[in-house]
Amino acid sequence: SGAGRDVFALSQMVGETGFVTGVDMTEEQLDVARRHQDFHAEAFGYARANTAFNHGFIEELDRLPFADQSLDIVVSNCGLNLALDKEAVLRQVQRLLKPGGEMYFSDIYADRRVPAALINDPVLYGECLSGAMYWNDFLQLAKDCGFAGPMLVEHESVEITDPAMQSLLGEVRFRSATCRLFRAD
């Protein structure tokens, strides 16, 4: 959830009777988000904040206070490519979604597998490139984890403008994509 921007936008969408929970792996980002909860509740005209923030990793959602099949929607904005165990993320989300629940996420995808030698490059990781999945691997993984879809909502090319970074990446090309998965059962 980072500093909460997406959580607060979603909290306005679900209204005062809805509830949105953010998860982030950094306490510093969560501190910023928590400081702004009351501000957003007041700005939206709510009697109380309809948000909460949990410290954790998206690969370890089973360690957080979410019951099986308790979530209507899961949203991730550039989080999947930072996860070291992408299968664990999708399996955890599948477990938490109610039947008919949906996962919406935006992320960076590669047109081929990112070479193993680049996976641990800290600059490429920080730029959300070295953790980018090959699109076809993602499609298979989503299916293996029990999701229907995915439906591609929108996508566009990602231009790598730094010559040194482009040299490292070679022929790998990237796209930013927003997708929808849903739990069919």
Side-chain angles (χ1 to χ4, degrees), residues 1-26 29-30 33 37 40 44 46 49-114 128-129 131-156 158 174-185:
S1 63
R5 183 181 301 219
D6 291 341
V7 170
F8 296 128
L10 291 165
S11 77
Q12 186 176 27
M13 292 173 69
V14 302
E16 189 170 13
T17 59
F19 200 83
V20 181
T21 302
V23 175
D24 199 86
M25 64 183 176
T26 58
Q29 293 279 18
L30 293 170
Q37 284 179 282
H40 284 91
F44 301 150
Y46 301 162
N50 64 345
T51 56
F53 294 91
N54 289 295
H55 180 254
F57 294 87
I58 60 173
E59 301 99 316
E60 300 173 350
L61 293 173
D62 57 331
R63 295 184 180 196
L64 297 174
F66 301 122
D68 290 0
Q69 298 186 14
S70 64
L71 304 178
D72 296 305
I73 296 175
V74 172
V75 175
S76 174
N77 189 356
C78 292
L80 190 59
N81 64 27
L82 296 175
L84 300 178
D85 187 347
K86 292 160 180 50
E87 181 176 354
V89 173
L90 293 180
R91 290 204 184 279
Q92 289 295 321
V93 169
Q94 172 74 355
R95 178 183 63 80
L96 294 173
L97 284 173
K98 294 176 181 176
E102 301 175 338
M103 178 179 185
Y104 288 88
F105 58 98
S106 295
D107 232 313
I108 304 293
Y109 295 90
D111 68 345
R112 64 198 73 206
R113 292 183 183 99
V114 175
C128 297
L129 298 174
M133 287 188 74
Y134 172 43
W135 180 253
N136 291 343
D137 288 346
F138 166 71
L139 295 175
Q140 186 60 52
L141 180 60
K143 181 180 176 185
D144 291 348
C145 290
F147 282 101
M151 182 179 89
L152 187 60
V153 177
E154 66 180 357
H155 63 96
E156 62 183 55
V158 173
F174 298 91
R175 295 191 77 70
S176 172
T178 300
C179 303
R180 173 188 166 261
L181 297 173
F182 70 95
R183 181 179 173 143
D185 60 347

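- Annotation: side chain to side chain donor-acceptor pair (under 3.5 Å) contacts of Asn77 (sequence neighbours excluded): Asp6.
- A search for side chain to side chain contact (heavy atoms under 4.5 Å, CB included) contacts involving Ala33 returns Phe53, not counting sequence neighbours.
- Residue Phe66 comes nearest to Leu96 through the heavy atom pair CB-CD2, 3.6 Å, listed as atom of the first residue, atom of the second, then distance.
- The minimum heavy-atom distance linking Leu181 with Ala142 is given by the pair CD2-CB, 3.9 Å.
- Nearest heavy atoms, Leu141 versus Met133: CD2-CE, 3.8 Å.
- Residues satisfying the salt bridge (Lys or Arg N to Asp or Glu O under 4.0 Å) test with Arg113, not counting sequence neighbours, are Asp137.
- Listed by chain and residue number, Lys98 satisfy the salt bridge (Lys or Arg N to Asp or Glu O under 4.0 Å) test with Asp72 (two or more places apart in sequence, or in another chain).
- Taking the side chain to side chain contact (heavy atoms under 4.5 Å, CB included) definition, one finds that Arg112 meets it with Glu171, Val172, sequence neighbours left out.
- Between the CZ atom in Arg183 and the CG atom in Leu71 there is a gap of 11.0 Å [rounded to 0.5 Å].
- The salt bridge (Lys or Arg N to Asp or Glu O under 4.0 Å) test applied to Asp144 returns no partner, not counting sequence neighbours.
- Legend: residues meeting salt bridge (Lys or Arg N to Asp or Glu O under 4.0 Å) with Arg175, ordered by chain and number and at least two apart, are absent.
- Residues Gln29 and Ala3 come closest through the heavy atom pair OE1-N, 3.2 Å.
- One distance of note links CZ of Arg95 with CG of Leu90; it measures 13.0 Å at 0.5 Å rounding.
- Distance check, rounded to the nearest 0.5 Å: CG of Asp62 to CZ of Arg91 gives 13.0 Å.
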Under 3.5 Å, which donor-acceptor pairs link side chains of residues 10-26 to any protein atom two or more places apart or in another chain?
residue	atom	partner	partner atom	Å
Ser11	OG	Phe8	O	2.8
Glu16	OE2	Ala47	N	2.5
Asp24	OD1	Ser1	N	3.4
Asp24	OD1	Gly2	N	2.7
Asp24	OD2	Thr26	N	2.9
Asp24	OD2	Thr26	OG1	2.6

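- The main-chain N or O of Asp107 is never found under 3.5 Å from a side-chain atom of Asn81 such that the two would form a donor-acceptor pair.
- The shortest distance between side-chain heavy atoms of Thr51 and Tyr46 does not fall below 4.5 Å.
- Side chains of Val93 and Phe147 form a contact here, defined as non-hydrogen atoms less than 4.5 Å apart.
- Counting only residues at least two apart or in different chains, ring pair (Phe, Tyr, Trp, His ring centres under 6.0 Å) contacts with residues 71-109 comprise Phe105-Phe138, Tyr109-Trp135, Tyr109-Phe138.
- Evaluation of the side chain to side chain donor-acceptor pair (under 3.5 Å) rule for Gln94 yields no partner, not counting sequence neighbours.
- Aromatic ring orientation, Phe44 versus His40: tilted (interplanar angle from 30° to 60°).
- In terms of heavy atoms, Leu139 sits closest to Pro150 at CD2-CG, 3.3 Å.
- Under the side chain to side chain donor-acceptor pair (under 3.5 Å) criterion, Ser106 pairs with Thr178, sequence neighbours left out.
- Taking the side chain to side chain donor-acceptor pair (under 3.5 Å) definition, one finds that Ser176 meets it with nothing, sequence neighbours left out.
- Counting heavy atoms from C-beta on, the side chains of Leu97 and Val74 come closer than 4.5 Å.
- The minimum heavy-atom distance between Cys128 and Leu82, with the atom names listed, is SG-CD2, 3.9 Å.
- If you take NZ on Lys86 and CD1 on Ile58, they are separated by 8.5 Å, rounding to the nearest 0.5 Å.
- In terms of modelled atom types and a separation under 3.5 Å, the side chain of Asp85 and the main chain of Glu59 share no donor-acceptor contact.
- Judged by distance alone, the side chain of Glu102 and the main-chain N or O of Arg180 form no donor-acceptor pair under 3.5 Å.
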